[in-house]
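None of the values given here were measured: they were computed from a predicted structure.
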Amino acid sequence: MSTDKKEYGISVIIPCYNVGQYVEETLKSVLNQSFKNYEIICLNDGSTDGTLEILNKYQSLYPYIQVFTGENHGVAYQRNKGVQRARGKYIYYLDGDDLIKENCLETLYQYAEADSLDILYFEAESFYESKEIEEAFPQFLTLYHRHKEYDGVYDGKNLYIEMENKGDIKMSVWLQFVRRQFLIDNNIKFGEERYFEDNLYTVRTMIKAARARCVRDNLYLRRVRGNSIMTGGKRKIRFESYLEVVRGLMQILEDEKQNSALQEAIYKRIRGTYINIFKDYLKVPESERDELFGEKNSPLYLLIGMAFFMNIEEVDRKKVSEKLKKTYAEKSEINAKLQRTYAEKSEINAKLKKTHEEKAERGEKIKKLRKHLKDTKAELEEKSKRLEQLEQEKKQLEKHFLGRFVLEKYNKNK
């Protein structure tokens, strides 16, 4: 074990249990980082394969790798021990069978420093150990991607409320980058549960953070394998872990009486946990249920009873939701018909308006033509009168001319 007292930018904490097949690749993904100011704390959790030998080999090669080994206590216990031994400004938890991209630590560190963050959230990509595993667990392909954008720095409670309501909470701690002093100041540790240990830790850190941020960067490579903690496990320990998660969430609900929006979001998390409990309960063979959950009034029995109740509520809620969805669809269809009717009405009104305008225009033309006809008629009458007058004058002139012609002729003959 190293006696180095150096302070680091980041402490990478890696709990390891029987990951001899993968841990060397995991360590290499850290050693290949573009960011170099880090330490690696490996915690061997009672492995029975060749995990410890690989860890010791790397500890002998790199002074900033520390290896601690002990009995099997679970990943939560080991992460707490890792934080106690850490000397980095920031804590990053990495699972012993997964990988991080080459720019992971540098990117996280830059975000955290630029915004003085208590905690930073990001995203991951999944890859499968085999085609069979991929077919069995297709949900992992998009499991670590969020639906929405969360721009800027948030107060942790507000970020939790918004992300919970949008279904974007990701409980995995390897999607979190946290300031070590923040954990110490708020006395935040993992609980004793063997499964779902990320759940309470994530909620507690999030609602305590004064400055939190979520980015869409995919920096983590999640290995999905058949015998991992995520895809296997002992049933009783699993349900006991569920019980601890529910108890912890209920305590948070009690502690946050003054914040109704946060209480509502926490209750949503509790309801979702119970639905998951019920789904796992249905996977337990009936022949094993009595022995597993105990007698009436035992904690696990009551836990399952509450899960039944929550599932019924969830089914009813979904039925109401479906009815509402159908009603909204019908309403949308009616609105669409109304819009079409209004459009047709507007089109008819436009045509009527155009017809009236054309009628008015024709009327104006007829009016002008009538006036022109009247003026022409008056002018014709005036010209007729003038012509008649001229005819009279002509006759008089002719008469006057003939009289003068006869007189002149008479005088000449005389």
Against the six-membered ring of Phe127, is Arg223 placed for a cation-pi contact (under 6.0 Å from the centre, within 45° of the normal)? no

Backbone N or O of Ala210 within a donor-acceptor pair of the Asp118 side chain at under 3.5 Å? yes

Any salt bridge between Arg247 and Glu244, counting N to O under 4.0 Å? yes

Treating Ser29 as the side-chain partner and Leu99 as the backbone partner, does any N or O pair qualify as donor plus acceptor under 3.5 Å? no

Could you check whether Glu149 pairs with Arg216 (Lys NZ or Arg NE/NH1/NH2 to Asp/Glu carboxylate O, under 4.0 Å)? yes

Would you say the side chains of Asp198 and Tyr93 form a donor-acceptor pair under 3.5 Å? no

Taking atom types as modelled, is there a side-chain donor on Thr51 or Asn44 under 3.5 Å from an acceptor on the other? no

Let's go through Tyr121 and Leu159 carefully: what are the C-alpha distance in whole Å and the side-chain angles of both, what is the deciding distance for side chain to side chain contact (heavy atoms under 4.5 Å, CB included) to 0.1 Å, and is it a yes or a no? CA-CA 11 Å; Tyr121 303 94; Leu159 182 59; 4.1 Å; yes

Check the side chains of Asn276 and Thr273 for a donor-acceptor pair under 3.5 angstrom, ignoring hydrogens and angles. no

Can you list the steps and then say if Asp98 with Thr26 is a side chain to side chain donor-acceptor pair (under 3.5 Å)? CA-CA 6 Å; Asp98 293 337; Thr26 299; over 6 Å; no

So does Tyr128 get a backbone contact from the side chain of Glu134, meaning a donor-acceptor N/O pair under 3.5 Å? no

CZ of Arg211 to CZ of Arg179: how many Å apart, nearest 0.5 Å? 10.5 Å

For Arg238 and Glu240: C-alpha separation, side-chain torsions, deciding distance, then whether side chain to side chain contact (heavy atoms under 4.5 Å, CB included) applies. CA-CA 5 Å; Arg238 190 174 180 88; Glu240 288 172 344; over 6 Å; no

Quick check: do Phe35 and Asn103 have side-chain heavy atoms less than 4.5 Å from each other? no

Test your reading of the model: is there a side-chain donor-acceptor pair from Asp217 to the backbone of Leu219, 3.5 Å cut-off? no

Side chains of Glu357 and Glu361 in contact at under 4.5 Å (non-hydrogen atoms): no

Interatomic distance, Leu262 atom CG to Lys157 atom NZ [nearest 0.5 angstrom]: 6.5 Å

Classify the side-chain pair Glu197/Tyr77 by whether it contains a donor and acceptor separated by less than 3.5 Å. no

Cys16 and Leu55, any side-chain heavy atoms less than 4.5 Å apart: yes

Below 4.0 angstrom, N of the basic side chain to O of the carboxylate: do Lys268 and Glu164 qualify? no

Is it true that atom CD of Glu135 has more than 12 heavy atoms of other residues, nucleotides or ligands lying nearer than 6.0 Å? yes

Is the closest side-chain donor-acceptor distance between Asp45 and Gln78 under 3.5 Å? yes

Using the rule given for ring pair (Phe, Tyr, Trp, His ring centres under 6.0 Å), can you reason through Tyr242 versus Phe196, listing the C-alpha separation, both sets of side-chain angles and the distance that settles it, and then say yes or no? CA-CA 7 Å; Tyr242 271 133; Phe196 321 115; 4.2 Å; yes

Is the backbone of Leu143 close enough, under 3.5 Å, to the side chain of Lys170 for a donor and an acceptor to pair up by distance? yes

Tell me whether the rings of Tyr92 and Phe122 are parallel (<30°), tilted (30 to 60°) or perpendicular (>60°). tilted

Tyr144 vs Tyr220, ring pair (Phe, Tyr, Trp, His ring centres under 6.0 Å): CA-CA, chis, key distance, verdict: CA-CA 10 Å; Tyr144 306 115; Tyr220 194 89; 7.9 Å; no

Phe68 and Lys81, any side-chain heavy atoms less than 4.5 Å apart: no

Side-chain heavy-atom pair Arg225, Asp97 within 4.5 angstrom cut-off: yes

Report yes or no: does Ser172 contribute a side-chain atom to a donor-acceptor pair with the main-chain N or O of Leu175 at less than 3.5 Å? no

Looking at side-chain heavy atoms only, is the closest gap between Phe239 and Val284 below 4.5 Å? yes

Check the pair Trp174 / Leu94 against side chain to side chain contact (heavy atoms under 4.5 Å, CB included), numbers first and verdict last. CA-CA 6 Å; Trp174 31 261; Leu94 172 61; 5.5 Å; no

Could you verify whether a donor N or O on one side chain and an acceptor N or O on the other, from Arg204 and Asn199, lie under 3.5 Å apart? no

Can a donor-acceptor pair be found, under 3.5 Å and without considering hydrogens, that links the side chain of Glu193 to the backbone of Val245? no

Short N-O contact, Lys101 and Glu125, less than 4.0 angstrom: yes

From Asn37 CG over to Leu105 CG, what is the distance, rounded to the nearest 0.5 angstrom? 10.5 Å

Between Gln176 and Tyr201, does a side chain to side chain donor-acceptor pair (under 3.5 Å) hold up when you go through it step by step? CA-CA 11 Å; Gln176 305 170 27; Tyr201 172 89; 5.0 Å; no

Phe177 and Tyr109: aromatic ring centres closer than 6.0 Å? no

Go through the steps for Glu129 and Gln21 under the test side chain to side chain contact (heavy atoms under 4.5 Å, CB included), then give the verdict. CA-CA 12 Å; Glu129 189 175 49; Gln21 185 179 347; 4.2 Å; yes

Heavy-atom side-chain proximity of Cys214 to Glu162 below 4.5 angstrom: no

Does Arg87 make a cation-pi contact with Tyr8, if we ask for NZ or CZ under 6.0 Å from the ring centre and within 45° of the axis? no

For the residue pair Asp255 / Gln251, report whether a side-chain donor-acceptor contact shorter than 3.5 Å exists. yes

CD of Gln84 to CD1 of Ile41, rounded to nearest 0.5 Å, is 10.5 Å

Please determine if Arg79 and Asp95 form a salt bridge, counting it only when a charged side-chain N lies under 4.0 Å from a carboxylate O. yes

Check the pair Glu7 / Lys89 against salt bridge (charged side-chain N to carboxylate O under 4.0 Å, His left out), numbers first and verdict last. CA-CA 8 Å; Glu7 296 291 327; Lys89 182 174 182 179; over 6 Å; no

Can you tell me if Asn32 uses its side chain to pair, donor with acceptor, with the backbone of Lys28 under 3.5 Å? yes

Polar side-chain atom of Glu254 near backbone of Met250 as donor-acceptor pair, under 3.5 Å: no

Do other residues, nucleotides or ligands put more than 12 heavy atoms under 6.0 Å from Glu382 CD? no

If we ignore hydrogens and angles and just use 3.5 Å, is the side chain of Arg180 paired with the main-chain N or O of Gly88 as donor and acceptor? yes

With a sphere of 6.0 Å drawn around CD of Glu113, does it hold more than 12 non-hydrogen atoms of other residues, nucleotides or ligands? yes

For the salt bridge (charged side-chain N to carboxylate O under 4.0 Å, His left out) test, which of Arg235, Lys283, Lys236 pairs with Glu288? Arg235

Salt bridge present between Glu106 and Lys36 (N-O < 4.0 angstrom): no

Quick one: pull up CD1 in Ile13 and CD in Glu39 and give me the separation to the nearest 0.5 Å. 8.0 Å

Atom NZ of Lys383 and atom OG1 of Thr376: how far apart are they, to the nearest 0.5 Å? 9.0 Å

Taking atom types as modelled, is there a side-chain donor on Tyr150 or Asp168 under 3.5 Å from an acceptor on the other? yes

